[in-house]
Amino acid sequence: GAVVSQHPSRVICKSGTSVKIECRSLDFQATTMFWYRQFPKQSLMLMATSNEGSKATYEQGVEKDKFLINHASLTLSTLTVTSAHPEDSSFYICSASRGGTSYNEQFFGPGTRLTVL
Amino acid sequence: SQQGEEDPQALSIQEGENATMNCSYKTSINNLQWYRQNSGRGLVHLILIRSNEREKHSGRLRVTLDTSKKSSSLLITASRAADTASYFCATGGNNRLAFGKGNQVVVIP
């Protein structure tokens, strides 16, 4: 149980285009979903936290108009990188929390490798 | 926000040896977690240790926590080639995790 999927696993796009990444909790309802960004050989940096049906909370320095997050249901959150540029190339990882536990364990998706040409 | 920070390490060990990595953090915590990440993949939760615990075991994993020094260690005993990965500690509050820099471990068969 507690499986999180991401789609696509890898995407290459041209500069200026928008890319949508999906994060799904397959066998549980996720009250909260998180989006992280990871550069090569570096740690995960939290970008934003989203709760179903409400606006995402973005971390300091993350442009909300650049990284659009929609958490339309308890099993799906999407991250759209708008007008992508080469510096947006990175590994994007989502996680989902089902709440109700003492420490709100997060279950991670396999990640999406974005390359912007 | 809380931040776990490992001493940056790249360990290269022979199969069968033990691997030890460390993590330090800055603020008080309720718990500390360790994750493994295989290259180009997501994170796998390994173990959680609560602030009132000093040591915890899970299979070949042993985690220690020293809240007075704000540090934790992860020991992998009898390493296997499949243990080759990056290992991160994470602390969190209010449902948000802050990850350390990670330790890359290479186990040579």
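In what follows, chains carry the letters A, B, and so on, assigned in the order in which the sequence lines appear, proteins first and then strands, with residues in each chain numbered from 1. As a basis for the values below, the full set of heavy atoms in this structure was taken, side chains included, without hydrogen atoms, waters or symmetry mates.
Interface remark: of the candidates A:G111, A:P110, A:S9, A:P110 forms the most heavy-atom pairs closer than 4.5 Å to chain B.
Atom NE2 of A:H7 is surrounded by 12 or fewer heavy atoms from other residues, nucleotides or ligands within 6.0 Å.
Between the side chains of A:Q106 and B:Y35, not a single donor N or O lies within less than 3.5 Å of an accepting N or O. In summary, the side chains of A:N51 and A:T32 do present a donor paired with an acceptor at a separation below 3.5 Å, with no hydrogens or angles considered.
With a 4.5 Å cut-off on non-hydrogen atoms, A:I93 touches chain B through its side chain but not through its backbone. A:Q6 does not touch chain B: none of its heavy atoms, backbone or side chain, sits under 4.5 Å away.
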Problem set entry | Worked verdict on A:L79 versus A:C94 for side chain to side chain contact (heavy atoms under 4.5 Å, CB included) | CA-CA 9 Å; A:L79 167 67; A:C94 73; over 6 Å; no

